[in-house]
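Here is the structure we will look at, set down as structure tokens.
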Amino acid sequence: MTSLVPARTETADLREVEQRVLWLATAMIDHANRVRPNNSGLKVGGHQASCASMVSIMTALYFEHLTAADRVSVKPHASPVLHAINYLLGSLDEKHLTTLRSYGGVQSYPSRTKDPDPADYSTGSVGIGATAPIWGAVARRYVDTHGGGAGTGRQYSLLGDAELDEGACWEAILDPTVADLGEVVWIVDLNRQSLDRVVPNIAANRLQGMFTAAGWQVITLKYGQVLEELFTRPGGAALRERIDGMSNPEYQRLLRCTPQQLRERIPAGDNASERLLSDVDDETLAVAIRNLGGHDLDALDSAFKAIDDTRPTVIFAYTIKGYGLATEGHPQNHGSLLGEEQMRQLAGQVGADLDDPWHRFADDSPAGKRCAETASRLRRRERARVKPPKLPTDIGRTPSGTTTTQAALGRTLLDLTRESPEAAERIVTLAPDVSSTTNLGGWLNKVGVWSPSERVDWFADDAETILHWRERPAGQHIELGIAETNLVSLLGELGSTWSRWGQPLLPIGVVYDCFLGRALEPWSFGVYGGGQSILVGTPSGVSLAPEGGAHQSVGTPSIGLEQPGVTSYEPAFAVDTEWCLLEAMSQLGKPGGSSSYLRLSTRPVDQSLASVPADPAARERRRRQVVGGAYALRRDADPQVTLVGMGALMTEALAAADRLAEQGIGADVVCVTSAGLLFRAHRGDADRGVLDQVFPADRARPMVTVLDGHPHALAFLAGVNRVPAVHLGVTGFGQSGSLEDVYRHHGLDTGTIIRAALDVTHR
């Protein structure tokens, strides 16, 4: 019998690094679960098998091909592999290796904001981390065309094959912008296992065809050198055909077989394959059946060298889940953990010591030198951070007549181009094909649409064209297809440019409010990863009466209140919108900054109802209360009830107060602009000043709250002074109709508010 196991002395040090990375990643999880004291008895968890399938890919990438300008999004379950590599490169202290998944320790999944070592992208939400480098590439290009300084470099995404089940991946791949992003490289860990099972039909050929159709370069690494050499021998073609034709579960079962069982199972009656295998020794046969392209360092090297930087690239790297571990290839190995004896066996295989698990390579050893050279190559220079532009707090406009809060958004953006051009230059707006219907048309005509290169506007000379679509590198509006996931994912990356390249942007994304739920998860994950942005939901609520329930949002006020890292605003008047937007923009692009959500309406409102004070000092006091969460719009000499409204329903609240006054019942009227800020103050997470000003204890009266959304968003206000209350809002799907009919249907009309006030004051 002959042996085909190559010595590969030219990459022996890389192989040694690969084995040490496997050991460190496995040992970190082992320590967290088996060694570290655990008083609760709850399983700490970790994914030794998922890590093992990525080790070769990440070793080849980081220790041979990555540059300091490149950025990498790491598969969530491979977090320990990233920590192991960072440890070998000197960017993670040994003390952190024992803290995986502990309080204040290294995170379960890579985190830009929480991990003690570098992570280019936060991952963990399946599909969102995979697509993040696409939007990171767009953000880098945008920064580079608006002042430069973002440099170059590839954007790598390391993802599991099961992540391709997520629609977010395909929404991103199919966006027309993506086909031009040659710096994007996806590496798919094709281990053909999910959490519960071996996936029977992964359909790699179909996936490859879908990427090809989208304009991507497709590179497939199916077999390594050992198998490829076997295929060249007599009977090799039949062997290849046999393995290619196996279902995933059948192939996976071979990994659990002895050499003798392999000789019996693989040929399946084919004499040529049987003769070929009979001439191969047991060691080579065991190696060969595991010799997939994603574990062959030379094959990986060739694939990385073949990347075409003129278009996006996807590399399908066939791997084995649990490669090199005792759990290798087992269909239920997703969350399985090696026992102590298995860990000692692994230590013997890779040249490690379970009793001294964190031992580094000697500095003068080949592997130690490779680590030092890699660390030097990947070291990034510190970038000076540009301070965000100074923004006005009040442009000084006092709107009159009738207008909407949605229109006030566009008006404020245009005003900024005159009042604060330096700040306006940092604004970038995004919309999923709804610019004209969300009042961004004037802004878009002023600043243009962003494109990496100048494009011809064939309608520039058409006198009937109102919306001018001028695409150029200096443009400040980015239009994506109808996919909110793409928009908010890009929003998060544009909101991270201050920390990536020291260039702060003021990103504002506009979506129909009814689709906020669709956009929420990727936007939330962007906020978690340090992206600071403003998301505007408009039009909103059942005030969009003729559209019916399909476009009428209900739960979004509560979402805004509950979302971590976000301040929500729902202004009632145009001037309130301006002040809230300016305040939200002032929180962007800096350490300790935050994101905001503005819920705006297309309902025309009489702006005189805002009663904006004429005195400058009083006006400033009003502004501070608006951005603080609420203000008293009316104070009665002898109030018997407090009416609290938010957003579009302030008109009804004020009308109800007028009619109650006619009946001799005085009412204080409070306009809430941010339920979230008030809740923080009520809970003790912020200064109670705004609550004391707006809901003073000496004016505590029975309360009626009303908003165009679910009533529980304001229900907590009754607890400020512990008063009886009735909470009005929307609790069912919407109906089409006139505004009056729809408000009456949901109990938001003036008459219902009056009846609620009478009921609560006579309990």
Side-chain angles (χ1 to χ4, degrees), residues 5-31 46-66 74 78-90 92 94 97 158 189 191 224-226 255 283-284 286-288 290-301 317 319-329 333 337-338 340-375:
V5 181
R8 290 198 291 183
T9 55
E10 70 280 2
T11 56
D13 60 325
L14 186 63
R15 176 67 176 172
E16 191 175 358
V17 170
E18 174 196 42
Q19 294 298 290
R20 186 60 55 88
V21 170
L22 173 65
W23 168 256
L24 289 170
T26 308
M28 289 174 66
I29 300 169
D30 175 67
H31 187 279
H47 301 86
Q48 290 175 332
S50 294
C51 286
S53 68
M54 283 296 302
V55 165
S56 303
I57 294 170
M58 292 180 67
T59 299
L61 177 62
Y62 278 81
F63 290 90
E64 285 200 304
H65 292 276
L66 208 62
V74 176
S79 174
V81 181
L82 177 63
H83 298 311
I85 289 173
N86 282 336
Y87 173 63
L88 292 178
L89 297 181
L92 181 67
E94 181 179 321
L97 298 181
L158 312 179
D189 173 17
N191 61 39
Q225 287 185 324
V226 176
L255 303 175
E283 180 188 2
T284 299
V287 169
R290 292 161 172 78
N291 185 225
L292 299 183
H295 299 302
D296 190 299
L297 295 174
D298 290 332
L300 287 163
D301 177 64
T319 61
I320 296 170
K321 196 164 183 173
Y323 183 72
L325 305 182
T327 57
E328 181 180 74
N333 66 8
L337 300 168
L338 301 187
E340 181 178 356
E341 187 55 39
Q342 291 173 318
M343 286 296 297
R344 292 195 181 279
Q345 181 183 4
L346 177 64
Q349 292 172 0
V350 301
D353 183 351
L354 184 61
D355 299 319
D356 182 20
W358 319 124
H359 184 68
R360 291 182 184 270
F361 295 119
D363 292 343
D364 59 352
S365 68
K369 289 178 180 178
R370 182 182 281 268
C371 289
E373 291 167 358
T374 300

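Quick note: residue numbers are just sequence positions, from 1.
- If you take CD on Glu94 and NE2 on His359, they are separated by 10.5 Å, rounding to the nearest 0.5 Å.
- Residue pairs meeting the side-chain hydrogen bond (donor to acceptor under 3.5 Å, both in side chains) criterion with at least one member in residues 342-358, sequence neighbours excluded: Glu340-Arg344, Arg344-Asp355.
- Glu328 pairs by the salt bridge (charged side-chain N to carboxylate O under 4.0 Å, His left out) definition with Arg290, not counting sequence neighbours.
- The distance from atom CG of Leu255 to atom OG1 of Thr327, rounded to the nearest 0.5 Å, is 11.5 Å.
- Counting heavy atoms from C-beta outward, Leu325 and Leu22 have side chains that approach closer than 4.5 Å.
- Closest non-hydrogen pair, Ser50 versus Asp189, comes out as O-OD2, 4.4 Å.
- Closest of all the heavy-atom pairs between Ala317 and Gly294 is CB-CA, 3.9 Å.
- Scanning both residues, Ala299 and Gly293, for their nearest heavy atoms gives CB-O, 4.0 Å.
- When all heavy atoms of Gly224 and Asp296 are compared, the closest pair comes out as CA-OD2, 3.3 Å.
- Counting only heavy atoms from C-beta outward, the side chains of Thr11 and Asp298 approach each other to under 4.5 Å.
- Residues satisfying the side-chain contact (heavy atoms from CB on, under 4.5 Å) test with Ala288, not counting sequence neighbours, are Val226, Leu227, Leu230.
- Between Glu64 and the choices Leu14, Val17, Leu300, Thr59, the side chain to side chain contact (heavy atoms under 4.5 Å, CB included) rule is met once, by Leu14.
- Taking CG of Leu66 as the start and CD1 of Ile85 as the end, the distance is 9.5 Å to the nearest 0.5 Å.
- Shown here are the side-chain hydrogen bond (donor to acceptor under 3.5 Å, both in side chains) partners of Thr374, two or more places apart in sequence or in another chain: Arg377.
- Separation of atoms CD (Glu373) and CZ (Arg370) is listed at 7.5 Å; rounding is to 0.5 Å.
- A heavy-atom distance below 4.5 Å is found between the side chains of Met343 and Trp23.
- Within the 4.5 Å cutoff, no side-chain heavy atoms of Met58 are placed close to those of Leu61.
- Between Arg20 and Leu88 the shortest side-chain heavy-atom distance falls below 4.5 Å.
- For the side chain to side chain contact (heavy atoms under 4.5 Å, CB included) criterion with Tyr87, the lone passing option out of Leu97, Val21, Leu82 is Leu97.
- By the 4.5 Å heavy-atom criterion applied to side chains, His295 and Thr319 are counted as neighbours.
- When every heavy atom of Ile320 is checked against every heavy atom of Gly329, the shortest pair comes out as CG2-N, 4.1 Å.
- Between the side chains of Glu18 and Ser56, at least one donor N or O sits under 3.5 Å from an acceptor N or O.
- Contact check for Asp301 versus Leu297: no side-chain heavy atoms found under the 4.5 Å cut-off.
- Within the 4.5 Å cutoff, the side chain of Leu338 has no heavy atoms near those of the Asp30 side chain.
- Here Ser79 contributes atom OG and Met28 contributes atom CE; the two are 7.0 Å apart, rounded to the nearest 0.5 Å.
- Remark: the backbone N or O of Leu92 is not paired with any side-chain donor or acceptor of Asn86 at under 3.5 angstrom.
- In this structure, Asn291 contributes its side chain and Gln225 its backbone to a donor-acceptor pair below 3.5 Å.
- Looking only at distances, no side-chain donor or acceptor of Arg360 sits under 3.5 Å from a matching main-chain atom of Gly368.
- Shown here are the ring-ring contact (aromatic ring centres under 6.0 Å, His included) partners of His65, two or more places apart in sequence or in another chain: Phe304.
- Applying the ring-ring contact (aromatic ring centres under 6.0 Å, His included) rule to Phe361 yields no partners; only residues at least two apart in sequence or on another chain are considered.
- Taking every heavy atom of both residues into account, Glu16 and Ala367 meet most closely at OE1-CB, 3.7 Å.
- Interatomic distance, CD of Gln19 versus CG of Leu24, reported as 11.5 Å (0.5 Å rounding).
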